[in-house]
Amino acid sequence: MAVHYLTVRMNASGLDDLSVIRDAMSWFVGHDSNIVEEKTTSYYGSSVYIFNTKIKKNKLIDETFNKFETQEIQKMISMLDSRLDDENSFHFRISHNELIDGKVKIANADSRTVKCKIKFELYPGQDIYKKAAEFFNKFC
């Protein structure tokens, strides 16, 4: 199944070690990905860094999803009903701190997160839930 793209967004404060954040993001999405770093300020004036990337190559997307453990992929499959939108995109968040440690885990509601979105390519007559489940099942 073809995927249009995967986007990943990771935020960091001025207190974070930015080289660690860059390394974690680069490891997760692949060193060949173009990671854009933006510096801005928060409402109170402190520095905020936003790391964004958009991966369009299916090979890199597959390499990224191969970093998930089977139980994490199964969690994503179980979330399909609540996380798929009308534009055939699946939204999920992974744990910021776990990613820094080199692990990829679906985030809890009370933890720092990395925001991810996968946009599926869908043709008329195809069922998005079936196609998304097929995509995720190949990583189990």
To the nearest 0.5 Å, what is the distance between CG on D16 and CD1 on I100? 7.5 Å
Quick one: are V104 and F65 in side-chain contact, heavy atoms under 4.5 Å? no
With hydrophobic residues grouped by side-chain heavy-atom distances under 4.5 Å, do V36 and M10 end up in a single group? no
My understanding is that only residues two or more places apart in sequence, or in another chain, count here; which of them pass ring pair (Phe, Tyr, Trp, His ring centres under 6.0 Å) with F90? F92, F136
Applying side-chain contact (heavy atoms from CB on, under 4.5 Å) to D62 and F135, what does each step give before you reach the verdict? CA-CA 9 Å; D62 288 352; F135 171 79; 3.9 Å; yes
Nearest heavy-atom neighbours spanning S13 and L18: O-CD2, 4.2 Å
Indicate, with yes or no, if L122 and L80 share a hydrophobic cluster defined by side-chain heavy-atom contacts under 4.5 Å among Ile, Leu, Val, Met, Phe, Trp and Tyr. yes
Okay, side chain of N108, backbone of D110: is any donor-acceptor separation there less than 3.5 Å? no
Any chain of hydrophobic side-chain contacts (each under 4.5 Å) joining Y5 to F120? no
Evaluate the side-chain contact (heavy atoms from CB on, under 4.5 Å) criterion for residues S111 and N97: first the C-alpha distance (whole Å), next the side-chain angles of each, then the deciding distance (0.1 Å), finally the verdict. CA-CA 8 Å; S111 64; N97 294 336; 5.8 Å; no
Do M25 and V8 have side chains that get closer than 4.5 Å, going by heavy atoms? yes
Value rounded to 0.5 Å, distance of OG in S82 from NE2 in H91: 11.0 Å
Heavy-atom pair of closest approach, residues F28 and C116: CE2-SG, 4.4 Å
Working for side-chain contact (heavy atoms from CB on, under 4.5 Å), residues H4 and N88: CA-CA 10 Å; H4 278 300; N88 303 323; over 6 Å; no
Strictly under 6.0 Å, is that where the ring centroids of F68 and F139 end up? no
d(N52 CG, E38 CD) to nearest 0.5 Å is 7.0 Å
Could you tell me whether the side chain of K119 and the main chain of E87 form a donor-acceptor pair under 3.5 Å? yes
Can we say K131 and E121 salt-bridge, meaning some charged N sits less than 4.0 Å from an Asp/Glu carboxylate O? no
Heavy atoms only: give me the nearest C140-Q74 pair and the separation to one decimal. SG-CG, 4.2 Å
How about NZ on K115, more than 12 heavy atoms from neighbouring residues, nucleotides or ligands closer than 6.0 Å, or not? no
Looking at every heavy atom in both E72 and I106, which two are closest together, and how far apart are they? OE1-N, 2.7 Å
Please report the C-alpha distance between S19 and D17 in whole Å, then the side-chain angles of each, then the deciding distance to 0.1 Å, and finally whether the side-chain hydrogen bond (donor to acceptor under 3.5 Å, both in side chains) criterion is met. CA-CA 6 Å; S19 65; D17 185 344; 2.8 Å; yes
When rounded to the nearest 0.5 angstrom, what distance separates NZ in K75 from CD1 in I73? 11.5 Å
Under a 4.5 Å side-chain heavy-atom rule over Ile, Leu, Val, Met, Phe, Trp and Tyr, are I21 and I50 clustered together? no
Hey, what do you get for CD1 (I128) to NZ (K130), rounding to the nearest 0.5 Å? 12.5 Å
Point-to-point distance, once rounded to the nearest 0.5 Å, from NE2 of H96 to CD1 of I94: 9.5 Å
What heavy-atom pair brings G102 and W27 nearest, and what distance separates the two atoms? O-CH2, 3.4 Å
For A12 and R112 the tightest heavy-atom approach is CA-NH2, 4.0 Å
Taking a hydrophobic cluster as the set of Ile, Leu, Val, Met, Phe, Trp and Tyr residues connected by side-chain heavy atoms closer than 4.5 Å, whether directly or through intermediates, do V20 and F51 fall within one such cluster? yes
